Amino acid sequence: MNQESKNILERDRRDILKRNLVLTMKLWLCGIMFVLAASSCIAAEEKVMTLNQAIQMAMEADLDVQNAANALEEAKLATQQEKLKTLPKATIDGQIQKDVGSGDESSGYQVVLQQTIPTGYQVYGQKVVSDIEQVRWEQIKAENKLKMARAEAAYTTYEYYINILKYQQMVEAQKQAVEVYTKSLNLANQQLSLGKITKPGQLKIENYLNKAKFDLEKAQSDLEIAIARLSQQIGKDLTGYHFAPLDEEPVVVDLDLDLFQQKALQNRLEIKNLELTLEKNNQTKLAAMNEKLPSLSLGYSDKQNLQSYGVEYNLLNGDLSWTAARKDESYEKSVVSSGNSERFGDDKQYFTLEMSWTLDFGIAANKTKQAEYTVANTKLEIEKTKRSISLEAKQAYSNYLLAVRENEVNQKALAFYDKDLEVKNLQARMGMISEVDLAEAQQDAFEARIAALKSSYDVYLAYQQLKKVGGELY
């Protein structure tokens with residue numbers, strides 16, 4: 001084989017290697033592009049927002065919900081504190097004393113155990129519930145307020161989400177209208193040049209196009225605002241997100257107004273909280289009435305030099321208290337003050353019936369009168385709230401029925417105008433009508449489509465408002 005043949009073979013080999021290298025690089029680039037495309041598709045699929053996700057995020061981000069949740073935790077701590085007050089308490093005293101004159105030093109200690117138990121059994125006076133029960137009422141009110149805040153957040157999120165879906169479809173409808181009227185205007189211009197239509201007819205189509213463009217801009221603006229509101233509501237940037245459609249169709253229910261109002265009055269937590277407030281105010285009044293009565297207590301004491309025991313029952317408020325104390329022998333010598341001298345003494349056991357009656361010159365009666373006015377005002381507030389809720393229920397009921405009927409009319413009108421447009425399109429292709437006549441039919445159909453679109457989502461929102469007013473969102 002000569003040198004020339006070898007050169008040819010070498011050149012062919014290099015060409016083959018170069019082609020293989022180019023092919024490998026192309027395959028490698030295609031693989032990277034495929035991976036990137038797949039990743040972008042996955043990312044796009046992940047950026048989908050559903051109604052349930054939005055509501056869940058709103059529950060975590062809504063400031064009113066957070067405030068109500070903190071108030072509930074505070075109420076729970078208050079209830080726990082009142083329960084802790086009924087547990088035994090231990091007091092330990094220790095002292096070291098040095099006599100200035102003699103220089104002697106002495107030390108001592110004292111341990112005292114005490115407990116007050118609210119039994120709830122009162123021998124006389126007005127029946128007043130314990131402090132634990134009253135703070136438990138406050139906890140229930142806090143729980144109700146949290147439920148109301150969550151219901152309000154859920155309804156607001158639902159409203160914003162519905163508006164997004166509505167404006168999205170309105171944007172698509174207006175884009176279609178702009179596209180259709182653009183073609184129609186081009187045809188109208190041609191027909192005007194041929195003398196088939198008049199200038200006013202051509203201007204009418206141009207006005208249709210301008211109106212469609214304006215409506216498109218407004219729908220896009222409304223969509224941006226709706227997305228911004230939902231973004232603020234759930235605390236998340238929704239740029240680039242797609243919003244999943246609702247899984248359910250607009251609900252049509254058969255309601256009786258009287259039954260719905262009764263249901264709302266039974267379910268609404270605003271009334272339940274006011275009723276708890278009324279009960280607490282009644283307790284304040286009863287406690288003020290008891291202050292006018294003498295306080296009687298029956299006790300037993302066992303005093304000794306180094307230890308003592310005692311139990312006492314208050315017949316007016318039903319509290320049972322006991323005390324046990326012990327000290328060492330040197331404690332009494334090391335104490336300068338005589339503040340603890342009554343707790344100890346010679347070996348002595350005795351019963352005590354003690355009466356305490358304070359002459360307050362009408363302070364208790366004044367407090368009772370104030371409490372009576374507070375109770376009366378609370379009752380008025382309950383009645384006012386019930387009337388307001390009844391009116392809300394009636395308005396929500398009427399709005400729902402109106403939304404359903406309007407949607408039924410608009411859906412029937414849409415079917416009629418779509419059919420009419422279908423006939424007009426056929427007539428236009430056959431040359432039986434002008435482009436102006438077709439544009440008028442298109443305008444009627446587009447307006448009917450927008451009206452049907454809005455009314456269908458109005459039914460969604462009216463039904464949700466019905467549930468909110470009826471107390472079904474808690």
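The first residue in the sequence is number 1, and the count goes up from there. Quick caveat: nothing in here was measured; it's all calculated off a predicted structure. Computation of the quantities below employed the complete heavy-atom set of this structure, encompassing side-chain atoms and omitting hydrogens, waters and symmetry-equivalent molecules.
Within 6.0 Å of CD in Gln232 there are 12 or fewer heavy atoms belonging to other residues, nucleotides or ligands. Residue Lys127 qualifies as enclosed at atom NZ: its count of foreign heavy atoms under 6.0 Å is above 12. Residue Lys292 qualifies as enclosed at atom NZ: its count of foreign heavy atoms under 6.0 Å is above 12. Residue Tyr121 places its OH atom among 12 or fewer non-hydrogen atoms of other residues, nucleotides or ligands, all under 6.0 Å distant.
In this structure, CG on Leu230 lies 10.0 Å from CG on Asn163, to the nearest 0.5 angstrom. Summarising the geometry, atom CD belonging to Gln115 is positioned 8.0 Å from atom NZ belonging to Lys89; distances are rounded to the nearest 0.5 Å. Separation of atoms CG (Leu466) and CD (Glu392) is listed at 12.0 Å; rounding is to 0.5 Å.
Looking at residues two or more places apart in sequence or on another chain, you find a side chain to side chain donor-acceptor pair (under 3.5 Å) between Asn273 and Asn144. Residues passing the side chain to side chain donor-acceptor pair (under 3.5 Å) test with Ser295, sequence neighbours excluded: Asn314. Remark: Lys85 engages Glu82 in a salt bridge (charged side-chain N to carboxylate O under 4.0 Å, His left out) (not counting sequence neighbours). Residues that satisfy the side chain to side chain donor-acceptor pair (under 3.5 Å) test with Gln174, not counting sequence neighbours, are absent from this structure. Thr116 is linked by a side chain to side chain donor-acceptor pair (under 3.5 Å) to Ser321, counting only residues two or more places apart in sequence or in another chain. Take Tyr160 and apply the ring-ring contact (aromatic ring centres under 6.0 Å, His included) test, not counting sequence neighbours, and it matches no residue.
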Practice problem: Test side-chain hydrogen bond (donor to acceptor under 3.5 Å, both in side chains) on Asn281 and Thr374 and set out the steps. | Solution: CA-CA 7 Å; Asn281 292 338; Thr374 302; 5.9 Å; no
Quiz prompt | CA sep, side-chain torsions, deciding dist, call: Asn52, Gln56, side-chain hydrogen bond (donor to acceptor under 3.5 Å, both in side chains) | solution = CA-CA 6 Å; Asn52 290 335; Gln56 185 62 35; over 6 Å; no
Quiz item: Under the side-chain hydrogen bond (donor to acceptor under 3.5 Å, both in side chains) criterion, do Gln349 and Asp302 qualify, and how do the steps go?
Solution: CA-CA 4 Å; Gln349 298 84 31; Asp302 184 349; 3.1 Å; yes
Quiz prompt | side-chain hydrogen bond (donor to acceptor under 3.5 Å, both in side chains) between Gln411 and Asn407, intermediate numbers included | solution = CA-CA 6 Å; Gln411 296 302 330; Asn407 185 52; 3.1 Å; yes
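Side-chain atoms of Asn377 and Glu381 include no donor-acceptor pair closer than 3.5 Å.
For residues 148-157, the salt bridge (charged side-chain N to carboxylate O under 4.0 Å, His left out) pairs, not counting sequence neighbours, are Glu152-Lys468. For residues 393-413, no residue pair satisfies the salt bridge (charged side-chain N to carboxylate O under 4.0 Å, His left out) rule, not counting sequence neighbours. Sorted by first and then second residue, the ring-ring contact (aromatic ring centres under 6.0 Å, His included) pairs involving residues 293-315 (not counting sequence neighbours) are Tyr300-Phe351. Counting only residues at least two apart or in different chains, ring-ring contact (aromatic ring centres under 6.0 Å, His included) contacts with residues 352-375 are absent. The stretch residues 207-231 participates, sequence neighbours left out, in these side-chain hydrogen bond (donor to acceptor under 3.5 Å, both in side chains) pairs: Lys211-Asp215, Lys218-Asp222. Listed by first and then second residue, the salt bridge (charged side-chain N to carboxylate O under 4.0 Å, His left out) pairs that reach into residues 48-74 are Glu73-Lys76, sequence neighbours excluded.
Contact between Leu316 and Gly125 at its shortest, heavy atoms only, is CD1-CA, 4.1 Å. Nearest heavy-atom pair, Ala173 versus Phe446, reported as atom, atom and distance to 0.1 Å: O-CE2, 4.2 Å. The two residues Ala462 and Tyr400 come nearest to each other via the heavy atoms CB-CA, 3.8 Å. Annotation for Leu113 and Ala90: closest pair CD2-CB, 3.4 Å, computed over non-hydrogen atoms.
The shortest side-chain heavy-atom distance between Arg449 and Asp418 falls under the 4.5 Å cut-off.
The residues Glu138 and Lys141 are annotated as salt-bridged, a charged nitrogen and a carboxylate oxygen being separated by less than 4.0 angstrom. A salt bridge does not link Glu179 to Lys175: none of the charged side-chain nitrogens sits closer than 4.0 Å to a carboxylate oxygen.
Here Tyr457 and Tyr460 bring their ring centres to under 6.0 angstrom of each other.
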